[in-house]
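Sequence lines set the chain letters: A, B, ... in the order given, protein chains first and strands last, and positions in each chain run from 1. None of the values given here were measured: they were computed from a predicted structure.
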Amino acid sequence: MAQDRTDVLQGTLELLILKVLSLEPMHGWGIAQRIQQVSRDTFQVNHGSLYPALQKMTGKGWVTAEWRTTENNRRARYYTLTSAGEKQLATERAEWERSTSAVNWILGWTGGSA
Amino acid sequence: MRLLTEARERLCALFFRDRREQELDEELRFHLEMEEAANLRKGLDLAEARRQAAITFGGVERVKEEVRDARGLGLVEDLVRDLRYAVRRLGRAPLTPVLVVLSLAIGVAVASTMFTALDAFLLRPLPYVEADRLIRVWLSDPETGRDRRNLSVSDYEHLRERSRAVDLAAYGAGGMNLTGTDVPERLEGVRVTSNFFRVVAPVPLLGRTSFGDEEVERGERVVVISQGLWQRHFGEDRRVLGQTIQLDGQPYTIVGVVRDEFQFPHRWIDVYTPLPVAAADLIAAEELAIIGRLRAGVSTEAAALELKHIGTGSGGGATGDGGAAVILMRLDRTLFNDAFRTGAAICSVAVIFVLLIACSNAANLLLVRAATRRQEIAVRAALGAGRGRLVRQLLTESLVLGVLGGVVGVVLAYWGVRGLVGIMPADIPMVERIALDRRALIFTLGVSLFAGAVSGVAPAFHTTRRGIASISRGAGRRMAGGGVHASGLRSAIVVTEIALALVLLIGAGLLIKGYVRATNTELGFETDNLLTMRVTLPQPRDPGAASTPELLPRVENQLNRLTGVHGVAFSDALPLTRWGSSVRYRTAEVRERSSEAQPAAEVRSVSPGFFDAMRIGVRQGRGFTAEDRPGDPPVVVVNATLARTHWSDTSPIGQSIEYDGRMARIVGVVDDVNEWGSAAPPPRTIYAPLAQRPAWSVAIAVRSDLPMDALVPRLRAAVAREDPNLPLTEIATMDTLIRESQPRNRLMARLLGISASVAAVLAVVGVYGVMAYNTERRRSEVGIRMAVGARARDIVVLMLGHGARVAAVGVLIGVGVAVGVARFLAAFMNGVSPFDLTIFAGVTGLLFSAAIAACLLPALRAARVAPLTALRAE
């Protein structure tokens with residue numbers, strides 16, 4: 001439990017999930033772990049909020065879900081990125097980068113005309 | 001593509017709900033277990049590992065709820081879940097739901113019953129082919145005070161030949177006696193012109209519904225019979241075509257059977273026979289009713305103008321006036337005129353009031369029940385249900401109650417419809433269409449849902465207002481009643497109920513008073529112990545022959561000889577029977593001023609014993625005797641109104657009067673008789689002896705002390721002794737005729753009276769319910785008061801005071817509204833003032849007392865509470 005946890009921004013949760021799933025299909029808990037690990041504990045996702053997001057994304061056709069067995073012979077629901085999901089990942093990534101650039105420009109503005 | 005996936009997902013979610021729930025549960029459990037295992041690996045003990053896993057995850061139920069929201073069809077899935085939950089919940093605490101269902105059932109039943117009548121009369125089209133193109137035609141009749149009269153043969157022919165806008169056909173009286181059977185029967189019928197069936201276009205059941213032009217012209221004895229007659233007399237034998245039946249002693253060949261629903265002009269027509277119009281001498285004085293069909297593309301207004309323009313031609317009919325205007329009206333407007341529609345609107349409003357009162361009662365019950373559920377609501381709110389969801393949940397419950405109320409309401413409505421058909425006056429057409437059919441059931445479903453929604457709205461919104469906060473603030477019992485606001489809302493609902501009920505009661509009171517006034521007026525003759533009936537002799541083929549001379553006096557003799565009979569009166573039309581004809585007449589002075597329009601008067605052919613038996617006073621001169629024989633110079637008796645009109649200072653005895661093509665001498669003056677009951681003043685009337693002015697259909701009035709069951713068989717036997725083929729019809733006591741002489745007013749008074757009674761009962765029950773709950777809620781307050789020294793009487797006064805205030809406000813509002821709307825009832829009130837003080841004061845006092853009485857019981861119960869018990873229960 002890191003002391004400074006940053007709540008995941010709304011909407012970026014989907015982006016993060018898409019990215020995680022673009023590497024390999026994963027179950028819900030695995031996605032939560034991966035986000036935590038890869039962000040070096042910056043993002044501690046409220047695990048529960050993953051599932052409604054996953055449901056929405058399944059409904060929109062960006063991921064598909066199926067039951068598989070894990071290494072420990074447990075039954076878990078694995079989510080796989082679809083081609084539509086890949087397209088969505090690219091779109092949202094571009095959008096994200098555009099908005100962060102804009103914020104950076106404003107932060108770097110020292111005055112005078114841009 | 002995405003749309004398909006989404007749709008498929010959602011449909012699957014709906015149908016495989018349970019499996020999905022299981023899977024979701026399993027998925028989340030997997031997550032928690034994995035997290036727990038990871039925590040264990042970090043070195044936490046089992047309990048701590050589990051706790052940390054739960055914290056990191058967040059609320060499981062909330063997550064499930066959010067997943068369901070994200071997945072489902074939203075509204076539909078929630079609705080199904082709410083329904084199941086609602087049914088379960090209602091089953092657990094059945095008392096309030098049962099009361100709610102009963103209350104709604106009453107409202108729904110009343111509404112559905114009214115709907116069946118409205119549907120049968122006004123909403124459904126008439127059963128004829130393209131019924132909106134059918135029209136009726138009359139002539140205006142300004143002189144006699146009747147606003148329309150039928151046409152003569154020449155009038156009809158004149159119009160028919162010239163009109164290009166309308167296809168006209170005519171029909172005239174054609175009732176016949178079914179003879180040659182054991183019991184003669186009077187059959188309703190019409191004689192029709194050749195194009196009648198083309199215009200009306202009824203669908204035949206067997207054979208043909210049409211007469212060939214030749215058949216009609218030659219007046220052949222062919223007949224189209226009704227489905228009812230076919231069932232009664234031929235047992236639905238399909239070989240009936242070509243067989244004969246005996247009508248008025250003559251054989252008629254059956255050429256067709258017409259379906260019941262297509263009968264015109266009304267449902268009880270049994271026989272249609274041809275009317276040979278061309279043989280004008282046969283029916284010179286015949287009055288024809290006209291039915292027409294607008295030709296394609298012609299509007300009613302255009303046709304009316306055209307017919308008006310064509311007019312009645314030279315001199316018009318037998319009455320010799322050219323001044324009558326041709327009136328045209330659509331058939332559906334004539335069957336149900338504006339007065340009828342106004343009455344229907346008033347009754348509909350009354351029924352809506354009853355429904356609203358029933359819904360108010362249900363709403364109050366639900367408010368009380370919702371107050372006890374605050375905790376449950378708060379918990380659900382904490383679990384993540386938004387206000388919208390909660391409102392939907394509560395509304396679903398009340399909708400379920402509404403539908404249940406509808407089911408019970410349908411059962412009640414079944415009897416309601418039977419009762420309604422029973423009180424319908426005989427002259428309203430289409431009464432047979434009143435039934436709880438599919439349309440009525442669909443309407444009932446709609447009303448049930450509406451009632452459920454209306455009842456549930458206030459409780460749903462009110463209860464979900466506060467949310468968790470008020471509960472966790474330790475509200476306890478004090479808040480359990482919903483607080484001050486809910487009490488105010490409940491009182492407001494009760495005030496509305498009382499106001500609505502009062503409006504209905506005042507309206508009903510006014511109508512009933514009007515009706516009673518109508519039936520109590522003096523009619524000019526003695527009405528007690530008078531049994532009326534009618535005999536109709538077969539109409540002669542050639543009117544030249546003496547039609548009735550010997551038979552009727554012989555029948556009169558037979559009847560007079562019966563023991564128990566004190567008087568026998570024959571007339572071609574008795575008062576209040578809606579038969580009767582009028583003529584134009586001329587007295588000596590009027591003859592001189594021949595340019596003026598002739599005045600008109602009612603004319604009656606009466607037997608010598610008529611004035612005696614009817615106890616009509618003879619003011620001057622004499623009545624008729626057996627001495628007034630057919631060959632003698634014509635004599636007449638006039639009534640006081642006619643005498644006053646022309647001979648106010650002198651005596652009319654001995655004066656001459658010309659009418660109907662004959663000159664007669666006045667031999668007597670009699671008291672006025674209200675021919676049409678209290679609906680209109682007595683008309684000018686001329687009485688002629690039956691012997692000199694014969695009629696082929698006479699009404700008989702028999703004065704006797706014997707009860708009807710004993711009297712009627714003796715009368716039948718007496719008549720059969722003279723002619724076994726002569727049926728007695730329209731048997732009714734004069735009292736019945738008077739009671740039914742104002743059928744519309746009577747119906748309105750009854751319908752409104754029933755609605756008002758139901759409304760009043762519901763309102764008073766509502767008052768009781770609210771008062772009982774209020775006193776229950778204020779128990780602790782009562783306990784404190786009594787502990788501080790209040791006596792039982794003070795408590796009762798306190799509680800009653802509250803109830804009286806509520807009732808008073810309701811009554812005031814009700815009176816105000818009633819004053820505003822009473823004038824709409826004026827047409828049915830027979831002259832009673834819309835601000836009749838007796839009715840207003842009496843009805844208001846009655847309802848107010850009932851409301852106070854309803855408060856009394858709970859107040860008394862409250863006062864009997866021992867203070868310690870009340871406080872301890874806190």
Side-chain angles (χ1 to χ4, degrees), chain A residues 1-2 5 7-8 10-11 13-14 17 26-37 41 43-88 91, chain B residues 1-14 16 19-44 48-49 51-74 77 383-384:
Chain A
M1 278 110 332
R5 255 190 283 159
D7 285 321
V8 179
Q10 252 183 339
L13 182 59
E14 286 186 358
I17 296 176
M26 184 52 77
H27 50 65
W29 184 75
I31 298 175
Q33 291 301 106
R34 195 58 64 85
I35 292 179
Q36 210 170 305
Q37 283 169 8
D41 270 350
F43 288 154
Q44 281 261 352
V45 181
N46 200 350
H47 290 191
S49 55
L50 267 181
Y51 288 94
L54 280 168
Q55 179 63 41
K56 277 203 203 114
M57 292 161 69
T58 319
K60 293 202 186 130
W62 299 339
V63 302
T64 53
E66 57 178 350
W67 286 91
R68 291 192 209 161
T69 357
T70 65
E71 314 88 58
N72 308 342
N73 265 329
R74 290 291 313 279
R75 223 168 81 97
R77 204 153 179 243
Y78 277 78
Y79 294 87
T80 319
L81 195 65
T82 64
S83 49
E86 284 183 24
K87 259 185 276 192
Q88 184 64 21
T91 316
Chain B
M1 192 54 218
R2 183 191 297 181
L3 201 60
L4 264 168
T5 326
E6 205 166 320
R8 193 161 44 93
E9 264 290 311
R10 289 174 179 245
L11 275 171
C12 280
L14 184 62
F16 301 111
R19 207 186 66 187
R20 295 237 158 178
E21 286 293 319
Q22 269 180 319
E23 288 188 353
L24 179 61
D25 192 58
E26 192 177 339
E27 190 177 357
L28 297 187
R29 228 168 346 109
F30 169 79
H31 187 120
L32 280 168
E33 282 167 12
M34 295 292 281
E35 186 72 16
E36 195 183 306
N39 285 343
L40 280 173
R41 282 198 294 274
K42 282 195 210 141
L44 297 163
E48 190 62 21
R51 198 176 76 89
Q52 293 296 339
I55 293 176
T56 328
F57 189 84
V60 171
E61 278 311 315
R62 186 179 218 133
V63 167
K64 279 193 184 175
E65 193 81 15
E66 286 181 19
V67 171
R68 282 185 209 123
D69 276 347
R71 159 221 293 171
L73 274 103
E77 195 187 73
L383 281 182

Minimum heavy-atom separation for [X] to [Y], with atom names?
{"X": "B:H31", "Y": "A:A32", "value": "CE1-CB, 4.3 Å"}
{"X": "B:F30", "Y": "A:R74", "value": "CD1-NH2, 3.8 Å"}
{"X": "B:E27", "Y": "A:W67", "value": "N-CH2, 3.9 Å"}

- [ ] Determine whether A:Q33 and B:M34 make a side-chain contact, defined as any pair of heavy atoms from C-beta on separated by less than 4.5 Å.
- [x]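 No - every pair of side-chain heavy atoms lies 4.5 Å or more apart.
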TODO: Compare all side-chain heavy atoms of A:Y51 with those of B:K64 and state whether any distance is below 4.5 angstrom.
DONE: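 No, every pair of side-chain atoms sits at 4.5 Å or beyond.
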Task: B:E35/A:W29 under side chain to side chain contact (heavy atoms under 4.5 Å, CB included): CA gap, chis, key distance, verdict - done: CA-CA 8 Å; B:E35 186 72 16; A:W29 184 75; 2.7 Å; yes
Open item on the list: Rounded to the nearest 0.5 Å, what separates atom CD in A:Q55 from atom CD in B:E66?
Closed with: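 Reported to 0.5 Å precision, the distance equals 12.0 Å.
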Open item on the list: Is B:L28 in contact with chain A via its backbone, its side chain, both, or neither, using a 4.5 Å heavy-atom distance?
Closed with: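 For B:L28, the contact with chain A is made by the side chain alone.
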Task: Which atoms of B:E33 approach chain A - backbone, side chain, both or neither, heavy atom under 4.5 Å - done: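 Contact with chain A involves the side chain of B:E33 alone.
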